[in-house]
Structures are given as C-alpha cells and as structure tokens.
*Asks:* 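I'd like to ask some things about the structure below.
Bear in mind that the values here come from a model prediction, so they are computed numbers and not experimental data. Each chain gets a letter, A, B and so on, in the order its sequence line appears, and its residues count up from 1.
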Amino acid sequence: MKLRQWRSIRTPKEKLRFSSTPQRNPNPTHSQCLENLSQLCHQKDLSKAVATMVAMEDQHCRADPITYSSLIKLCIENHAVNEGRRVHQHLLDDGRPPKLFLSNSLLSMYVKFNLFDDARRLFDEMPERNVVSWTTMISALVHLDSREEAMKYLIAMHREGIRPNMYTFSAVLRACQTLRTLWSIHCCIIKCGLELDVFVRSSLIDVYSKYGDLEYGYQVFDEMATRDLVVWNSIIGGFAQSGDGYKALELFIDMKRAGFLANQSTLTSGLRACTGTVMLEMGRQVHVHVLKYDRDLILNNALLDMYCKCGSLAEANAVFQRMKERDVISWSTMISGLAQNGRSIEALRLFDSMKATGTKPNYITMVGVLFACSHAGLVEDGWYYFNSMAKVFGIEPGREHYGCIVDLLGRAGKLEEALNFIDTMGFQLDSVIWRTLLGACRVHRNSGLAAHAAKEILKLEPEDEGTYILLSNIYADSRRWSDVEQVRKAMRDQGVRKEPGRSWIDVGKKTHVFIVGDFSHPEMNSISKELNRLIGRITEVGYVPDVKFVLHDLEREQKEESLRYHSEKLAIAFGVMNSMGGKPIRIMKNLRICGDCHEFAKLAAKVENKTIVIRDPVRFHHFQDGICSCGDYW
DNA sequence: GTAGGGTTAG
C-alpha cells in the first residue's frame with residue numbers, strides 16, 4: 001500500500017497534478033524557481049511549493065538545503081504524507097545523498113507521520129548517521145513501546161562510536177522498566193556528565209517513581225538546585241500515583257510557594273492525590289482551579305473520578321453533564337463510579353447511553369458493567385454481557401471479567417458453580433479471585449469452602465492479615481472456637497499483626513482520626529456521651545450488638561464494650577455531633593467495615609435522619625433511612 | 001533535525 005502510494009506519486013499524471021498550478025511564467029529561470037520556492041515555503045503554500053519543486057526537476061535545478069528543510073517542516077505541519085514523500089524522492093533524484101541534517105529532517109517527518117517502517121528504511125540507507133539520527137529512532141521506538149528494540153539501538157549507537165546526548169537519555173530512560181536497567185542508564189548519564197540536565201532529571205524522577213523506587217526519584221528531585229514546572233509535576237505525579245496523596249499535596253503547595261503556576265498536569269495529579277486519600281474537601285478546592293481548563297478532557301476525567309471515589313455522585317454527575325467532550329474513559333469512570341456506589345441500574349442505563357452515542361466500550365468499561373451486574377444480583381444480564389463481549393465488542397474477557405462472574409455467582413449463593421467456574425478459567429489464579437469467593441462464602445455462611453479459599457489466598461500472600469481476620473470471623477460465626485484459635489496462632493507464627501482499625505472524618509478544615517480503643521481525641525468525653533445516646537436510640541428500634549465480630553474469646557459484656565469503640569462508631573458519633581443541615585456525614589476507613597458497625601450505621605442514619613457515607617478499602621456504603629447501598633453485602 | 005510531566009478496573 002505504502003509502496004503503491006510512493007509509485008503513484010511518480011506517474012506522469014501525478015507530476016501533472018503537482019505542476020498544473022498556474023504560474024505566471026511557464027519557463028522560469030533557475031534563479032526565479034529558487035526565489036519562488038523559498039518564498040512559497042515562507043508563505044506556507046505547500047501545494048504551490050511542491051509544484052514548483054517538481055517543475056525544477058525538469059530543469060535539473062536544485063534549491064539550497066535550508067529551503068528543503070522548510071519544505072519538510074511545512075509537510076509535517078500539514079501532515080502532508082504524499083507531499084513529504086515527494087520531497088524525499090526529489091532529494092534522492094539528485095544522485096547524491098541528501099545532507100545529513102536533511103535526512104534527519106526526513107527521518108523525523110516519517111516518525112511524526114507514524115510511518116516507522118519508512119523511517120527505518122531511510123535510517124538503514126543513510127551513509128552517515130549522527131546522534132540526532134540515532135535519537136530520533138530511539139525516541140520513535142520508545143513511543144511505539146518497543147523498549148528492547150530501543151535499548152538495542154542505544155547499544156548499536158555506542159558501537160558506532162556515537163555518544164548519546166541529553167536528548168537520547170531522556171528518551172531512552174522511558175524504556176527502562178526495572179530498577180537494574182535504570183541504575184545502569186543512570187550510571188551512563190553520570191559518566192557522560194549529563195546528570196544536571198532538567199529534561200534528564202525529570203525523566204529520571206518519572207521512571208524511578210513509576211518502575212523503581214519513589215525514594216530514588218525524590219532524591220533526584222531533592223538534589224536539584226533549579227527546577228522547572230515539569231520537574232515539579234514529575235515528582236507530584238509520582239507521589240500521587242503511588243498513593244501518598246498527602247506528600248503529593250504537600251509538594252503541590254511547595255511548588256506554588258516556589259512561584260510556579262499549576263497547569264493541567266499538576267492539577268490532574270492534585271486530583272489524583274485527593275482521590276487516593278479520599279479528600280473530598282481538598283478535591284473541591286482543586287476543582288476551582290480546574291475551571292479555567294474546562295476543555296481539558298484528561299483533567300475533567302480525573303475530576304470525575306475524584307468525585308466518584310470520594311463518594312459524591314451528585315458532584316460527579318454534575319461534572320459529567322457539563323463536560324464538553326467525553327471519551328471512553330469518561331463514560332467508564334462514571335459507569336464504575338455508579339456501580340461502586342451501589343447504583344448499578346443507573347450504571348447499566350448509562351452504558352446504554354454510551355453505546356447510543358457511538359462510543360465503543362473497552363476492556364475497563366466491561367469490568368465496570370460486569371461489576372454493576374454482580375453487585376445488583378443481575379445474574380442473567382451479567383452472563384449476557386460476559387458471553388457477548390468478544391462477539392459484540394471484540395473484547396476478549398480477561399482475569400477481571402472472570403472475577404466479576406465469580407462474584408456474580410457467589411453473591412447469588414451459587415458457590416459450587418463459582419468454584420467450578422474458577423476451575424475452567426484459563427488464567428493462572430490470583431488472590432483476587434479467591435478473595436471474591438471468600439467474600440461470598442462469608443455472606444452465605446459456607447465455612448468449608450471459605451477455609452479452602454482462604455488457604456489458597458494465604459499460599460499466594462502468607463502475610464495477608466485481612467484474610468486471616470475474615471477466616472477467623474467466619475469460624476467465630478459458626479462458633480468453631482478451636483479453628484479461630486488456630487487461625488490466630490497461624491497469624492502469630494507468620495508474624496502478622498492485626499492493623500488497628502482507623503477511621504477519619506473531615507470537620508471544618510481538619511481531619512479527625514479515630515483509632516480503635518484510642519481515646520486521646522480532645523473531645524472524647526462528649527463523643528462518648530454522644531455514642532451512648534446513639535446506642536440508646538437505636539436499641540429502641542431493635543439494635544443488638546453483634547459480638548461475633550470480636551476476635552477475642554471474651555465474656556459477652558466485654559465483647560460489647562470492645563465493639564462499642566470500633567473506630568467507625570467513634571467517627572459516626574463525632575460526625576453526628578458536628579453535622580450541619582442535610583449534608584452527608586463522610587467517613588473513610590482503613591479496614592473493611594465490620595457487620596456490627598454496618599448495622600449500627602444503618603440504624604444511626606435512620607434515627608438521626610442523616611445520610612452517612614463510609615468508604616472502606618473496597619467499596620462505598622451509603623446509609624440512608626435504615627438501608628445501605630451495598631445491599632448488606634459488604 | 002533529536003528529549004521530560006496528567007485520566008478509567010483489580
């Protein structure tokens with residue numbers, strides 16, 4: 001195809017087309033031609049310029065390299081592939097190879113047109129190559145995600161005796177995805193004396209934080225005397241993506257103090273930081289700065305995700321409705337957001353709207369759709385979407401989709417069927433699948449299968465405390481105390497400690513943290529009183545403390561006492577004390593909410609006529625009027 | 001003529 005295009009441009013007809021542009025003088029002199037061509041390039045009139053160039057061929061006339069360079073630039077600007085090839089051909093017709101810098105321009109042109117094969121052909125035919133030629137190729141390979149190939153070129157370049165420069169390194173760093181290769185390239189950079197270059201540094205920070213160790217990235221950042229905006233963005237993005245939202249926001253503030261203005265990239269990372277750490281109020285503050293970039297799709301998608309992950313679907317929906325442009329990520333974010341917040345039917349309706357607008361779903365969209373089905377118990381729909389994925393949308397189901405089906409069957413109580421389905425999977429099993437099954441076993445009280453699933457998880461992740469605790473709770477639920485004791489012993493043997501439960505809530509501009517059994521909050525007395533008052537009120541409507549969620553073999557009274565001070569209860573009491581008007585009380589948790597606190601929150605929401613939103617590490621629970629959005633499947 | 005930072009699941 002490409003070859004045909006190439007030839008067709010050389011047919012007499014094509015030549016005629018290029019030369020048929022009316023010209024004042026049908027037989028211009030050489031110097032007129034040159035003058036013309038240079039002027040047309042200057043005026044950015046591509047078609048006339050190419051026509052003049054073709055006319056010059058007949059008169060065996062050639063322009064100067066600078067003019068050709070502008071002509072190539074013009075082709076790139078207009079994305080004029082055929083014209084670009086014609087210029088290349090014209091230069092070859094001269095009989096002598098083009099000047100090195102012109103060949104490099106052509107190389108760069110092919111790369112920008114995504115014609116890598118043409119670029120490679122030209123590169124291979126070049127009699128002489130310099131650092132620019134090599135760097136152009138390496139950079140192209142990195143963008144094509146051909147990392148090994150990029151490294152091969154770096155080595156070949158060394159062999160030819162060409163020294164890489166800062167351009168080469170900042171491109172090639174992106175091809176390093178292991179700490180070991182990063183170190184060796186970093187060494188080369190130091191040897192070449194290029195460590196101080198800001199471009200090289202920002203690449204180092206970026207790749208260290210993505211593929212190696214954020215600590216090294218921070219070190220590279222910290223040592224810098226002069227930093228630019230991209231360097232700041234690299235480090236802020238590094239922390240935001242690795243989940244340390246606090247550090248990311250701290251650096252965000254440092255950056256502003258250093259006199260830099262946040263751009264789209266900074267704000268996207270800022271939002272990501274709020275998303276990861278569930279800081280809704282901070283997210284809203286970042287939103288204010290986002291307003292001036294209301295056409296930036298990536299930034300709006302990040303905003304959407306922030307509101308979804310912080311459990312504020314009303315605000316997410318407002319952003320979604322106002323977006324001037326939506327892509328598959330916007331739709332997928334909103335679909336998953338609705339599903340994760342217990343609004344599966346709306347999620348599926350949105351999926352229909354998405355298809356109606358002609359946006360094609362991708363792999364992740366289908367994870368969201370299947371998640372919605374499993375969480376709403378829509379077994380038939382789930383199977384339908386799963387089975388039709390490949391046929392209708394051309395997406396082969398992957399591990400995550402299979403996981404959703406296990407969840408779908410598990411929630412519906414079809415545990416054996418779920419286990420059989422796991423056996424038919426062609427993937428290597430990971431802990432996520434088993435954890436899904438374990439969750440289903442807990443709800444449907446199948447302790448035998450639960451033990452099997454838990455053991456499979458612990459084979460893969462022997463230090464996973466959540467699994468030990470879940471298993472122990474399941475045994476406790478069936479009053480199998482000796483098994484409970486065995487689990488606890490296994491935990492001790494593995495050196496696994498139960499991480500203390502922690503909940504946090506924003507009141508005013510402060511985040512208040514509550515830790516189970518920790519009474520150091522300055523307002524603890526009134527919180528305790530409020531908690532007692534709440535327990536009193538919900539006991540009137542039928543609350544009975546569900547002590548099976550206490551690990552220790554204590555007397556019932558002691559168990560109740562231990563439950564009473566679960567961190568989320570303290571946070572709820574504090575939230576009720578400080579709640580204003582109809583605003584939801586929003587609480588975040590480090591561990592999954594226990595069944596007793598779940599019941600407590602449902603009733604507290606009812607008697608206080610409030611909405612309580614609790615985000616645990618897995619999902620959201622919106623408590624309102626005595627029911628929870630998760631349908632009691634936590 | 002060659003280089004760096006941002007978005008969706010689990």
*Asks:* Going from CG on A/Asp430 to CD on A/Glu456, what distance comes out if it is rounded to the nearest 0.5 angstrom?
*Replies:*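 One gets 12.0 Å once the value is rounded to the nearest 0.5 Å.
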*Asks:* Which donor-acceptor pairs under 3.5 Å do side chains of residues 73-80 of chain A form with protein atoms, sequence neighbours excluded?
*Replies:*
unit_1: A/Glu77; atom_1: OE1; unit_2: A/Lys44; atom_2: NZ; d: 3.3
unit_1: A/Glu77; atom_1: OE2; unit_2: A/Lys44; atom_2: NZ; d: 3.4
unit_1: A/Asn78; atom_1: ND2; unit_2: A/Leu74; atom_2: O; d: 2.8

*Asks:* Taking atom P of B/dG6 as reference, at what distance in whole Å does atom CD1 of A/Ile329 sit?
*Replies:*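 Whole-Å distance recorded here is 13 Å.
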*Asks:* Looking only at side-chain atoms of A/Asp305, point me to the closest of B/dG6, B/dT8, B/dG4.
*Replies:*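 For A/Asp305, the side-chain atoms sit closest to B/dT8.
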*Asks:* Take atom CG of A/Leu122 and atom C1' of B/dT2, then tell me their distance rounded to the nearest Å.
*Replies:*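 That distance rounds to 14 Å.
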*Asks:* Would you say a side-chain N or O of A/His143 is under 4.0 Å from OP1 or OP2 of B/dG4?
*Replies:*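 For B/dG4, OP1/OP2 do have a side-chain N/O of A/His143 under 4.0 Å.
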*Asks:* Restricting to salt bridge (charged side-chain N to carboxylate O under 4.0 Å, His left out), what partner residues turn up for A/Asp145, sequence neighbours left out?
*Replies:*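 A/Asp145: salt bridge (charged side-chain N to carboxylate O under 4.0 Å, His left out) contacts with A/Arg147.
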*Asks:* What residues form a side chain to side chain contact (heavy atoms under 4.5 Å, CB included) with A/Asn130, not counting sequence neighbours?
*Replies:*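 If we apply the side chain to side chain contact (heavy atoms under 4.5 Å, CB included) test to A/Asn130, skipping adjacent residues, the hits are A/Leu100, A/Asn104, A/Val132, A/Ser133.
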*Asks:* Under 4.0 angstrom, heavy atoms only, what part of the nucleic acid is A/Val198 near: base, sugar-phosphate, or nothing?
*Replies:*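 Base: the residue A/Val198, judged by heavy atoms under 4.0 Å, touches a nucleobase.
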*Asks:* Within the 4.0 Å heavy-atom criterion, would you say A/Leu299 contacts the bases, only the backbone, or no part of the nucleic acid?
*Replies:*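 Base: the residue A/Leu299, judged by heavy atoms under 4.0 Å, touches a nucleobase.
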*Asks:* Give a yes/no answer on whether the side chain of A/Ser139 brings an N or O atom under 4.0 Å of OP1 or OP2 in B/dA3.
*Replies:*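 Checking B/dA3 against A/Ser139, a side-chain N or O does come within under 4.0 Å of OP1 or OP2.
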*Asks:* Please name all residues satisfying side-chain hydrogen bond (donor to acceptor under 3.5 Å, both in side chains) with A/Lys324, sequence neighbours left out, ordered by chain then number.
*Replies:*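 Listed in chain order: A/Asp294.
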*Asks:* For the side chain of A/Lys112, starting at C-beta, report the closest nucleotide among B/dT2, B/dG6, B/dT8.
*Replies:*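 Taking heavy atoms from C-beta onward, the closest nucleotide is B/dT2.
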*Asks:* When only distance counts, do a donor and an acceptor, one from the side chain of A/Asp296 and one from the base of B/dG6, lie under 3.5 Å apart?
*Replies:*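 Between B/dG6 and A/Asp296, which were checked side chain against base, a qualifying N/O pair under 3.5 Å is present.
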*Asks:* Separation of A/Met334 atom CE from B/dT7 atom C1', in whole Å?
*Replies:*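 In whole Å, B/dT7 C1' and A/Met334 CE are 15 Å from each other.
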*Asks:* Which of the following nucleotides, B/dG6, B/dA9, B/dT2, is nearest to the side chain of A/Thr135?
*Replies:*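 The answer is B/dT2.
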*Asks:* Once you apply a heavy-atom cut-off of 4.0 Å, does A/Asn263 come out as touching a base, just sugar-phosphate, or nothing?
*Replies:*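 Base, at least one base heavy atom under 4.0 Å.
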*Asks:* Under the side-chain hydrogen bond (donor to acceptor under 3.5 Å, both in side chains) test against A/Asn301, which residue among A/Asp327, A/Thr333, A/Asp296 passes?
*Replies:*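 Going through the options one by one, the only one that passes is A/Asp327.
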*Asks:* Does any residue of residues 162-174 of chain A have a heavy atom under 4.0 Å from DNA chain B, and if so, which ones, in number order?
*Replies:*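 Only A/Asn165, A/Met166, A/Tyr167, A/Ser170, A/Arg174 qualify.
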*Asks:* Side chains of residues 302-310 of chain A: which donor-acceptor pairs under 3.5 Å do they make with residues two or more places apart or in other chains?
*Replies:*
unit_1: A/Asp305; atom_1: OD1; unit_2: A/Lys309; atom_2: NZ; d: 2.9
unit_1: A/Asp305; atom_1: OD2; unit_2: A/Lys309; atom_2: NZ; d: 3.2
unit_1: A/Tyr307; atom_1: OH; unit_2: A/His287; atom_2: ND1; d: 2.7

*Asks:* Is there a side-chain contact between A/Lys309 and the phosphate of B/dT7, meaning an N or O under 4.0 Å from OP1 or OP2?
*Replies:*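 False: A/Lys309 side-chain N/O out of range (4.0 Å or more) of B/dT7 OP1/OP2.
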*Asks:* Provide, to the nearest angstrom, the distance between the CG atom belonging to A/Asp430 and the C1' atom belonging to B/dA9.
*Replies:*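 Rounded to whole Å, this separation is 13 Å.
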*Asks:* Figure out the CD1/C1' separation between A/Ile235 and B/dG4, and round it to whole Å.
*Replies:*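 About 14 Å, once rounded to whole Å.
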*Asks:* Does a side-chain N or O from A/Lys210 land closer than 4.0 Å to OP1 or OP2 of B/dG4, or not?
*Replies:*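 False: A/Lys210 side-chain N/O out of range (4.0 Å or more) of B/dG4 OP1/OP2.
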*Asks:* Could you pull out all residues at least two apart from A/Phe199 that satisfy ring pair (Phe, Tyr, Trp, His ring centres under 6.0 Å)?
*Replies:*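 In terms of ring pair (Phe, Tyr, Trp, His ring centres under 6.0 Å), with neighbours along the sequence ignored, A/Phe199 is linked to no residue.
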*Asks:* Rounding to an integer number of Å, can you tell me how far A/Asn300 CG sits from B/dT8 P?
*Replies:*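 It works out to 14 Å between those atoms.
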*Asks:* So, for A/His90 and A/Tyr68, is the gap between ring centers shorter than 6.0 Å?
*Replies:*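 So the answer is yes for these two rings.
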*Asks:* Applying a 4.0 Å non-hydrogen cut-off, can you work out what A/Arg272 is touching in the nucleic acid: base, sugar-phosphate, or nothing?
*Replies:*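 Answer is sugar-phosphate: A/Arg272 comes under 4.0 Å of backbone atoms only.
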*Asks:* Output yes when at least one side-chain N/O atom of A/Gln340 is less than 4.0 Å from OP1 or OP2 of B/dT8, else no.
*Replies:*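 Indeed not, no polar side-chain atom of A/Gln340 lies that close.
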*Asks:* What is the distance from atom CZ of A/Phe123 to atom OG1 of A/Thr136, rounded to the nearest 0.5 Å?
*Replies:*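 Going from the CZ atom of A/Phe123 to the OG1 atom of A/Thr136 covers 8.5 Å.
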*Asks:* What's the closest nucleotide to the side chain of A/Ser269 if the choices are B/dA3, B/dG6, B/dG10?
*Replies:*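 Of the options given, the side chain of A/Ser269 lies nearest B/dG6.
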*Asks:* Taking the side chain of A/Asp327 as its heavy atoms from C-beta onward, which of B/dG4, B/dT2, B/dT7 lies nearest to it?
*Replies:*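 Of all the options, the side chain of A/Asp327 is nearest to B/dT7.
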*Asks:* Once you round it to whole Å, what is the distance between C1' of B/dT7 and CD of A/Glu325?
*Replies:*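 In whole Å, B/dT7 C1' and A/Glu325 CD are 13 Å from each other.
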*Asks:* Anything under 3.5 Å between a donor and an acceptor, one on a side chain of residues 348-356 of chain A, the other on a protein residue two or more places apart or in another chain? List them.
*Replies:*
unit_1: A/Ser353; atom_1: OG; unit_2: A/Arg349; atom_2: O; d: 3.1

*Asks:* Taking the side chain of A/Val132 as heavy atoms from C-beta outward, which of B/dT8, B/dT2, B/dT7 is closest to it?
*Replies:*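 Nearest nucleotide to the side chain: B/dT2.
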*Asks:* Which of residues 215-231 of chain A have a heavy atom under 4.0 Å from DNA chain B?
*Replies:*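 The answer is A/Asp228, A/Leu229, A/Val230, A/Val231.
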*Asks:* The side chain of A/Val367 lies closest to which of these nucleotides: B/dG10, B/dG4, B/dT8?
*Replies:*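 It is B/dG10.
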*Asks:* To the nearest Å, how far apart are A/Tyr153 OH and B/dA3 P?
*Replies:*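 Computing the A/Tyr153:OH to B/dA3:P distance gives 16 Å.
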